[in-house]
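Take a look at the structure set out below.
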Amino acid sequence: MTRPLLVDTDPGCDDALAILLALEHADLEVVGLTTVHGNASIDATTHNARSILELLERPDVPVSRGAELPLISPLETAEHIHGVDGIRGDLPEPSPATRPADTHAAQFIVEQARAYEGELTIAAIGPLTNVALALAIEPKLPALLDELIVMGGAAFAPGNVTPLAEANFHSDPEAAHRVVRDGDPIVVGLDVTRRATLPAAWIEGLPRGGPLGRSIYEWATYYTEEILERYDLETAAIHDALVIAQLIDEEVLEVEPHFMEVGIDSELDRGALVCDPHGVTGEGPNGRVAVDVDVDRYRELVIEAVEGVL
């Protein structure tokens, strides 16, 4: 039996590999992509999502355009990391078959949750604006889902935008605050995703004779030398694909229940994921946090999916 999955995304190079992994694994049925501002503008991320589906020959997957701006914060994008318009690679122009749905992403999320009541998983791998808006529309959203898994935060590790905050949570701290507080999520942050790299020799061996191979190579090598040196990495961290790998094999990550909050009160803590491992707040767990990763298993899953399409 396949698991219905909705991917809320801001493609993005690591988003693209996450989408590829989700589409190619037999255990997952991708019922739609919802797009959000983040790695680029909403126009660009929506275009990129459609182009990825076109490249992977899956124009049947619906795309729903979402939030153009964070709830309160000014818009931040990351073309300087992911490339012009937010993604690298040799992507095709999407056909009319991948024209975005008329429904806003937040409403689409609610509709799919109701349609697949108790069965749908949401993988939110961009800023959490759409998910926060969906919670506002339908406060019972967590009860309608099988699972909400989020790529964001840095629970017990340094951030990558500020010393405390990770990019997705920092892009819309108020949305992250709401979703972490009320969404009962599994939070997969920099504690584990910085280790979600792919072997350098395998990347260099990728066939690049066609647009798909060239694009996958670009997605896997989107870090600059400066970023690799800063984080002492040999290859780029493919953060978002780790979320999908966990849905395929729940042994990929070790997760712990914790009480969590996201900072919104000062510049220092904006977007920072704060956990309470010693229970000093007296609050019970409101979700789970990934604290360790089986890197070898993660790599097996990604490599198998990529080699299956090349």
Side-chain angles (χ1 to χ4, degrees), residues 7-19 34-42 44-45 48-49 66-88 123-132 149-180 185-197 219 222-224 226-228 230-231 233 236-244 260-264 266-275 289-290:
V7 182
D8 188 65
T9 179
D10 62 334
C13 295
D14 55 333
D15 302 73
L17 283 168
I19 291 166
T34 50
T35 60
V36 67
H37 66 87
N39 289 320
S41 70
I42 189 64
T45 62
N48 295 345
E68 182 174 347
L69 296 171
L71 297 180
I72 295 174
S73 299
L75 178 66
E76 299 175 358
T77 58
E79 291 94 341
H80 61 291
I81 294 174
H82 290 265
V84 176
D85 294 326
I87 196 167
R88 305 179 193 278
I125 56 177
L128 289 172
T129 316
N130 289 337
V131 182
I149 186 166
V150 170
M151 191 278 123
F156 306 108
N160 61 357
V161 175
T162 74
L164 297 176
E166 173 275 336
N168 283 343
F169 280 17
H170 191 265
S171 289
D172 194 340
E174 287 77 16
H177 178 85
R178 175 69 188 276
V179 173
V180 167
I186 297 175
V187 177
V188 181
L190 297 180
D191 310 74
V192 290
T193 66
R194 275 209 185 105
R195 297 171 59 192
T197 62
W219 300 340
Y222 72 103
Y223 274 11
T224 64
E226 179 185 357
I227 295 173
L228 292 173
R230 179 185 302 161
Y231 298 115
L233 295 172
I238 312 299
H239 303 273
D240 294 334
L242 186 54
V243 166
I244 307 301
M260 299 177 283
E261 289 189 290
V262 175
I264 57 174
S266 72
E267 285 304 312
L268 178 62
D269 74 356
R270 283 188 68 77
L273 177 65
V274 180
C275 291
V289 178

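Worth saying up front: this structure is predicted, and the values here are computed from it rather than measured.
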Please determine if Arg270 and Glu174 form a salt bridge, counting it only when a charged side-chain N lies under 4.0 Å from a carboxylate O.
-> yes
Shortest non-hydrogen contact from Val262 toward His177 = O-ND1, 2.8 Å
How many angstroms lie between NE2 in His37 and OG in Ser73, if you round to the nearest 0.5 Å?
-> 9.0 Å
Parallel, tilted or perpendicular: which fits the ring planes of His239 and Tyr223, with parallel below 30° and perpendicular above 60°?
-> tilted
In Å and rounded to the nearest 0.5 Å, what is the OG1 to CG distance from Thr162 to Asp269?
-> 9.0 Å
Quick one: do Thr193 and Val188 satisfy side chain to side chain contact (heavy atoms under 4.5 Å, CB included)? Show the steps, please.
-> CA-CA 7 Å; Thr193 66; Val188 181; 3.8 Å; yes
The reported gap from NE2 in His80 to OG1 in Thr224 (rounded to nearest 0.5 angstrom) is 9.0 Å
Ile125 and Val7: side chain to side chain contact (heavy atoms under 4.5 Å, CB included), yes or no, with the steps?
-> CA-CA 7 Å; Ile125 56 177; Val7 182; 3.7 Å; yes
Give a yes-or-no answer on whether the side chains of Asn48 and Asp85 include a donor-acceptor pair shorter than 3.5 Å.
-> no
Answer yes if the side chains of Glu76 and His170 hold a donor-acceptor pair under 3.5 Å, and no otherwise.
-> yes
Would you sort out whether Ile87 and Asn39 count as a side chain to side chain contact (heavy atoms under 4.5 Å, CB included), showing the intermediate values?
-> CA-CA 8 Å; Ile87 196 167; Asn39 289 320; over 6 Å; no
Provide the closest heavy-atom pair for Gly152 versus Val187 in the form atom of the first, atom of the second, distance.
-> O-CG1, 3.2 Å
What's the shortest heavy-atom distance between Tyr222 and Ala237, and which atoms?
-> OH-O, 2.7 Å
Which atoms form the tightest heavy-atom contact between Asn160 and Ala167, and what is the distance?
-> OD1-N, 3.0 Å
Could you tell me whether the side chain of His82 and the main chain of Cys13 form a donor-acceptor pair under 3.5 Å?
-> yes
Minimum-distance pair of heavy atoms, taken over all atoms of Ile42 and Ala67 | CD1-O, 3.6 Å
Side chains of Thr129 and Asp172: do they bring a donor and an acceptor to under 3.5 Å?
-> yes
Would a 4.5 Å heavy-atom cut-off, applied to side chains only, mark Glu166 and Val161 as touching?
-> no
Reported CD1-to-CG distance for the pair Ile19 and Asp240, which is rounded to 0.5 angstrom = 8.5 Å
Which value, rounded to the nearest 0.5 Å, describes the distance between Phe169 atom CZ and Leu190 atom CG?
-> 10.0 Å
Got a donor-acceptor contact below 3.5 angstrom from the Arg88 side chain to the Ile81 backbone?
-> yes
Taking it one step at a time, do Glu79 and Val84 satisfy side chain to side chain contact (heavy atoms under 4.5 Å, CB included)?
-> CA-CA 6 Å; Glu79 291 94 341; Val84 176; over 6 Å; no
Quick one: which of Thr45, Asn130, Asp15 gives a side chain to side chain contact (heavy atoms under 4.5 Å, CB included) with Thr35?
-> Thr45
Are Pro158 and Arg194 side-chain neighbours, meaning at least one heavy-atom pair lies under 4.5 Å?
-> yes
Kindly check if the number of other-residue, nucleotide or ligand heavy atoms within 6.0 Å of CD (Glu68) is above 12?
-> no
For Ala40 and Ala44 the tightest heavy-atom approach is CB-CB, 3.7 Å
Are there more than 12 heavy atoms of other residues, nucleotides or ligands under 6.0 Å from atom CG of Leu268?
-> no
Could you state the interatomic distance from CG (Asn168) to CG (Asp10), rounded to the nearest 0.5 Å?
-> 6.0 Å
Side-chain donor-acceptor pair present, Asp8, Thr34, cut-off under 3.5 Å | yes
